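The chains referred to below are lettered A, B, ... by the order of the sequence lines, with proteins before strands, and numbering in each begins at 1. Everything quoted here is computed from the prediction, not taken from an experiment.
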Amino acid sequence: MNLYKLLSPSQFKAVTIDNIPICILAGAGTGKTHVLIHRIAYLISKGAKPENILGLTFTNKAASEMRERVEQLIPEAFQRIVLGTFHKIGVNLLRRYGESVSVSSSFVIYDSKDSDKLLKEILNQLNISQDYFGLLKNQIEKWQNAGIMPDQIDNLEKRTVYAKRSYVLYVEKLREIGALDFNSILIKMNELLKFSDKSELIKSFFQHILIDEYQDTNSIQAEIVYSLASTAKTIAIVGDDDQSIYGWRGAKSHNMEEFLKKIPNTHLVKLEENYRSTSLILAAANSVISNNNKRLGKSLISKKGEGENVKVVKTSTDRQEAEFVINDIKIRMQNKCNLNEIAVLMRSNAQTRPFEEILRFSQIPYRLIGGMRFYDRKEIKDILSILKASLNFKSDIDWIRAASSSKFSIGLVTLSKIKNFSTFNNVPVSSVFLSLDLMQNAEIALKMANKIKNFTNSIINLKNLTQHANAFEVIQHTLNIINNKELANEERFKNIEQLLSAAQQYVDDCSVYNQNPSAIGFLENAALLSSSEENELLTKVQEGAISLMTIHAAKGLEFDIVYIVGMEEDGFPHLRAMGEQEGEKINKLEEERRLAYVGMTRARYELILTYAKRRLVRGQIQNRIPSRFLSEFSSKKFFDKTF
DNA sequence: TAGTATGTAATTTTT
DNA sequence: TTACATACTA
């Protein structure tokens with residue numbers, strides 16, 4: 001392999017420096033993935049065993065893209081490389097070694113909706129009003145993201161007393177149930193690497209570490225990386241502090257700087273040659289982002305020539321804005337453009353509406369990326385809760401949900417009786433379900449108790465089935481338990497069919513990778529998938545369609561032509577993202593600006609930014625002023641489309 | 001128990 | 001405006 005031929009000088013450095021830790025500051029479109037896969041190939045060519053290489057990414061999509069590209073480069077090794085998201089790798093390690101950090105090997109994953117439900121129940125139990133749910137959840141997540149356990153919290157302010165109380169019970173409940181939420185997967189993974197008796201063993205597998213999107217790691221993920229770095233032979237982190245857009249979820253863009261300080265002798269390599277966008281687009285993006293103060297500092301240089309000016313378009317209303325964009329696309333269609341290369345980006349999901357309406361009316365194919373997670377849909381959660389109930393008799397929320405969505409007409413009154421009885425006597429809900437005596441104590445009428453018995457019997461049957469049947473067969477069987485009403489609704493039935501084909505797909509995939517196609521594994525996959533990834537897996541790939549999505553969802557993607565719509569104050573930067581305190585305000589504004597930067601740098605050849613003078617917000621017409629970001633760059637052409 | 005009526009609150013969402 | 005949750009009635 002001739003590396004010189006394929007890599008620029010700085011890329012070459014990023015690939016081949018292997019005697020000291022390396023931090024690669026990779027701007028948008030500078031060939032980051034290219035560098036990562038070549039680095040893997042380089043390490044293998046220097047004698048590293050593929051199974052000792054660990055690549056950590058943030059999305060499954062990024063992981064599978066990397067895997068595919070490694071396959072092309074070194075087909076003999078790609079299957080042995082350990083490549084996945086922090087969460088996925090964490091789950092795999094915990095299934096194997098979890099016992100040493102008191103995690104049962106058969107733990108289930110609670111996704112965010114499950115966790116919310118559990119927390120709501122805890123608030124009930126503690127007699128705390130649901131009005132505080134958001135506030136408390138926020139605080140608990142902050143603690144989790146920082147890796148702070150309930151017993152480490154002191155110096156309580158008045159407002160955190162309740163948060164701590166709920167946090168204590170929340171953690172306790174999760175442990176009792178044998179469940180891990182997303183954050184505790186990372187917390188336990190960190191514990192495993194840092195304090196457990198398996199720490200040295202695990203770290204000895206992972207000799208070469210590569211970490212992608214480092215700017216979006218939270219404190220625990222950084223801790224995990226430091227643990228790995230302490231024994232690894234080589235380590236490379238890759239990221240772009242200007243593209244850190246998940247601060248609201250605990251990401252610390254500052255982690256890159258911290259890595260440089262904390263890991264001695266780390267070499268910093270900057271990738272600043274942009275192979276994606278034309279220079280006028282880059283000039284605009286650079287100019288916007290230069291208004292941020294907290295930066296490691298870098299400036300992208302285009303390798304693609306000047307190109308066209310960025311366009312800024314003003315319209316009268318949001319409706320007109322959508323009409324303008326779609327007309328513009330129609331003109332392009334007459335010149336036979338590739339619709340896959342056009343994206344309409346926006347700050348929030350709710351803004352897609354007028355675009356969807358007009359696109360459908362104009363019969364222009366489009367795909368909506370993101371939004372509601374497939375596995376968050378009611379009918380899907382209902383089916384999976386039946387399955388989860390059969391796999392875990394301690395998961396109260398699944399037992400309640402399963403019962404109420406079953407065909408046995410067990411209603412709210414009965415269920416709240418059982419729930420109250422179970423909390424009061426401190427036994428799992430399933431124990432009440434399973435015992436006629438306890439049901440009697442809970443004042444359940446005999447007729448109802450018999451219905452419940454039918455329900456529990458079918459759950460037990462399902463449990464037995466999971467012992468030997470594969471994921472597809474198991475899911476199919478749950479359809480016998482679910483309320484027929486769910487199957488009657490056409491929309492829902494379609495989704496359920498998709499669930500079945502996803503299960504079939506999973507079984508097939510397992511046979512390729514020689515894994516057990518169990519229902520547990522399928523659930524795990526379902527929980528760890530993001531909405532945009534599901535989109536790709538579940539919907540048939542549609543040829544030639546424009547993409548509609550939030551800027552967050554567009555991260556990592558690129559298009560020839562990009563429209564960013566709704567460039568108005570309070571919309572973007574978003575009103576709710578601006579925070580209350582002065583100091584916080586600046587941080588939040590900087591994150592909004594990074595988001596603008598991410599959006600702008602998605603475009604290869606043309607970037608069109610639009611805003612409306614008036615917009616319908618929650619049924620109310622609002623007057624709007626153009627986004628401050630529009631005045632932060634000069635390489636633009638202005639069009640007034642108001643009339 | 002199940003269907004209907006009212007109230008309420010609304011970013012972003014890699015896992 | 002709309003989605004969702006809770007409250008109310010048949």
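- Residues that satisfy the side chain to side chain donor-acceptor pair (under 3.5 Å) test with A:R249, not counting sequence neighbours, are absent from this structure.
- Side-chain contact annotation: A:Q351 with A:S348, donor-acceptor N/O pair under 3.5 Å present.
- Between A:A285 and A:T601, the closest heavy-atom pair is CB-CG2, 3.8 Å.
- Protein atom CG of A:N183 is 14 Å distant from nucleotide atom P of B:dT14, rounded to whole Å.
- Atom P of nucleotide B:dT11 and atom CG of A:N138 are separated by 14 Å, given to the nearest angstrom.
- Between the P atoms of C:dC4 and B:dT13, the separation comes to 16 Å (whole Å).
- Distance NZ (A:K32) to P (B:dT14): 16 Å, rounded to an integer number of Å.
- Taking 4.0 Å as the cut-off between side-chain N and carboxylate O, A:K32 and A:D212 count as a salt-bridged pair.
- The separation between A:N349 atom CG and B:dT11 atom P is 10 Å, rounded to whole Å.
- The CZ atom of A:R377 sits 5.0 Å away from atom CG of A:N495, with the distance rounded to the nearest 0.5 Å.
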Check: Which letter, B, S or -, goes with each nucleotide of nucleotides 1-10 of chain C from 5' to 3', with contact meaning a protein heavy atom under 4.0 Å?
Finding: BSS-------
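- By the neighbour-count criterion of 12 heavy atoms within 6.0 Å, atom NZ of A:K453 is sparsely surrounded, having that number or fewer from other residues, nucleotides or ligands.
- Between the side chains of A:K252 and A:N145, no donor N or O sits under 3.5 Å from an acceptor N or O.
- Partners of A:Y563 according to the side chain to side chain donor-acceptor pair (under 3.5 Å) rule, which considers only residues two or more places apart in sequence or in another chain, are A:D328, A:R332.
- The interatomic distance linking A:I89 (CD1) with B:dT14 (C1') rounds to 15 Å, in whole Å.
- Residues of residues 242-253 of chain A having a heavy atom closer than 4.0 Å to DNA chain B, listed by number: A:Y246, A:W248, A:R249.
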Heteroatom pairs (N/O) under 3.5 angstrom, protein to nucleotides 1-8 of chain B:
| residue | atom | partner | partner atom | Å |
| --- | --- | --- | --- | --- |
| B:dT1 | OP1 | A:G411 | N | 2.5 |
| B:dT1 | OP1 | A:G411 | O | 3.1 |
| B:dT1 | OP1 | A:T414 | OG1 | 2.9 |

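- Picking from B:dT14, B:dT13, B:dT11 the nucleotide with the shortest atom distance to the side chain of A:F58 gives B:dT14.
- Atom CE of A:M346 and atom P of B:dT13 are 11 Å apart (whole Å).
- Remark: A:R360 engages no residue in a side chain to side chain donor-acceptor pair (under 3.5 Å) (not counting sequence neighbours).
- In this entry the distance linking CD of A:E568 with P of B:dT11 reads 16 Å, nearest Å.
- Side-chain atoms of A:E213 and A:Q215 form a donor-acceptor pair, as typed in the model, at a separation below 3.5 Å.
- Distances shown here put a side-chain N or O of A:T550 below 4.0 Å from the OP1 or OP2 atom of B:dT13.
- For A:R347 against B:dT12, a side-chain-to-base donor-acceptor contact under 3.5 Å is present.
- As rounded to whole Å, 22 Å separates atom P of B:dT11 from atom CZ of A:R593.
- Ion pairing between A:E591 and A:K588 fails under the 4.0 Å rule for side-chain N and carboxylate O.
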